[in-house]
There are 2 protein chains.
Amino acid sequence: MTAGKTPGMEPEKASARLRTAGLRPTRQRVALADLLFRQGDRHVTAESLHGEAKAVGCKVSLATVYNTLHQFTEVGLLQQVVVEAARFYFDTNLGDHQHFYDEEDGALTDIPAGTIAVSGVPAPPEGTQIARVDVVVRITRN
Amino acid sequence: MTAGKTPGMEPEKASARLRTAGLRPTRQRVALADLLFRQGDRHVTAESLHGEAKAVGCKVSLATVYNTLHQFTEVGLLQQVVVEAARFYFDTNLGDHQHFYDEEDGALTDIPAGTIAVSGVPAPPEGTQIARVDVVVRITRN
DNA sequence: ATAGCTGCAAATGCTTTGCAAGGCC
DNA sequence: GGCCTTGCAAAGCATTTGCAGCTAT
């Protein structure tokens with residue numbers, strides 16, 4: 001067992017990145033940053049990252065993983081991807097249209113079909129087909 | 001106050017629509033369909049529709065509203081719109097790229113920046129600005 | 001020394017489920 | 001009559017919160 005050892009081999013890089021972002025490089029944050037950024041582009045959820053941390057012997061609570069992911073997002077180290085509905089919105093407009101979504105008040109506004117064009121959609125991975133292409137234009141108040 | 005009266009004035013139309021879709025036109029479904037489809041395009045959540053139903057004096061349980069909205073969606077009377085994250089996915093790729101999302105296993109795959117182009121995005125409503133434009137290509141297994 | 005972090009457990013909010021009673025064909 | 005629906009209350013899940021104790025600077 002290697003529990004207790006530093007999980008990564010380049011914690012300094014992670015530390016520096018955190019410092020630059022204005023975050024205190026705590027053991028937990030360094031370990032999570034190391035997991036996130038050592039490998040190339042990747043997608044994680046709070047749970048999956050928590051699992052990885054445990055797997056490399058780093059004790060972190062799930063709550064801290066959530067905090068850390070949000071902090072990293074705030075300082076621009078990560079991006080969030082929205083693909084599953086937390087709250088279900090239903091639309092009586094069945095056409096192939098898109099939406100403005102006001103993140104502050106949750107308001108949804110139609111963008112009529114034919115206004116927005118999406119081009120260059122690549123072929124889907126083998127064995128799959130495109131069910132639909134969702135476009136959400138997120139807006140905020142000035 | 002008109003509480004207690006039939007909420008809609010064209011329940012027959014709603015009834016017919018339900019029958020065509022293969023759904024039994026129960027009092028609750030007719031009332032909800034009537035609320036949904038009488039007016040033009042609209043967006044609702046389970047809660048907002050439940051509130052409307054109560055407001056016009058129709059007793060429906062929230063569970064039934066959920067069931068009904070899902071059934072309507074299955075038969076193509078409604079479309080779901082995904083704008084809020086139920087489960088948070090975080091991406092270490094900060095570029096302006098898009099994603100394939102496999103609805104069956106939850107897998108997320110990057111579509112490299114520069115592959116997809118979105119054109120014709122209209123000006124945002126007054127007093128707002130575009131924070132970002134999300135594109136999700138939803139795929140299913142063949 | 002001290003402001004900031006972490007971890008635990010309880011709480012939250014939306015959605016789903018199980019099951020008995022009721023309604024539509 | 002028989003199968004589908006409804007309604008209630010309890011359960012489920014991911015995420016958030018409150019607070020006491022710990023830690024980096």
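Keep in mind the model is a prediction, meaning the values are calculated, not measured. Throughout, protein chains are lettered first and strands after them, A, B, ... in sequence-line order, and every chain is numbered starting at 1.
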Separation of dG13(C) P from E84(B) CD (nearest whole Å):
14 Å
Between H99(B) and Y89(B), ring centroids under 6.0 Å:
no
Could you state the atom-to-atom distance from NZ of K59(B) to C1' of dG23(C) in whole Å?
17 Å
Select one nucleotide: of dG7(C), dG7(D), dC4(D), the one nearest the side-chain heavy atoms of V60(A).
dG7(C)
List for me each residue that meets salt bridge (Lys or Arg N to Asp or Glu O under 4.0 Å) alongside D110(A), sequence neighbours excluded, and say none if there are none.
none
Calculate the interatomic distance between R29(A) atom CZ and dT6(C) atom C1'; express it in whole Å.
10 Å
Note: P124(A) and I139(B) closest approach over all heavy atoms is CB-CG2, 4.0 Å
When you measure from the side chain of R27(B), which nucleotide among dT6(D), dC24(C), dG7(C) comes out closest?
dC24(C)
Does one side chain, of N142(B) or Q129(A), offer a donor that lies under 3.5 Å from an acceptor on the other?
yes
Atom CG in L23(B), atom CZ in R17(B): separation rounded to 0.5 Å?
12.0 Å
In whole angstroms, how far is the C1' atom of dA24(D) from the CZ atom of R24(A)?
5 Å
Of the options dT15(C), dG7(C), dT15(D), whose atoms approach the side-chain atoms of R87(B) most closely?
dT15(D)
Grab the CZ-C1' distance between F88(A) and dA14(D) for me, whole Å please.
13 Å
Give one of base, sugar-phosphate or nothing for A63(B), where a contact means two heavy atoms less than 4.0 Å apart.
base
Which part of the nucleic acid, if any, lies within contact of H70(B), taking any heavy atom under 4.0 Å across all strands shown: a base, the sugar-phosphate backbone alone, or nothing?
sugar-phosphate
Nearest-nucleotide wise, let me know which of T45(A) and T26(A) is further upstream toward the 5' end of DNA chain D.
T45(A)
Are T64(B) and dG7(D) close enough that a side-chain N or O sits under 4.0 Å from OP1 or OP2?
yes
Please state how far atom CD in Q28(B) lies from atom P in dC24(C), giving the value in whole angstrom units.
8 Å
How many whole angstroms separate atom CD of Q71(B) from atom P of dT16(C)?
12 Å
I need the CG-C1' distance between L69(B) and dT15(C), as an integer number of Å.
12 Å
Quick check: on DNA chain C, is the nucleotide nearest R19(B) upstream (toward 5') of the one nearest Y66(B), or the reverse? Name the residue that is more 5'.
Y66(B)
Would you indicate which nucleotide in dC4(D), dT25(D), dT17(C) comes nearest to any side-chain atom of N67(B)?
dT17(C)
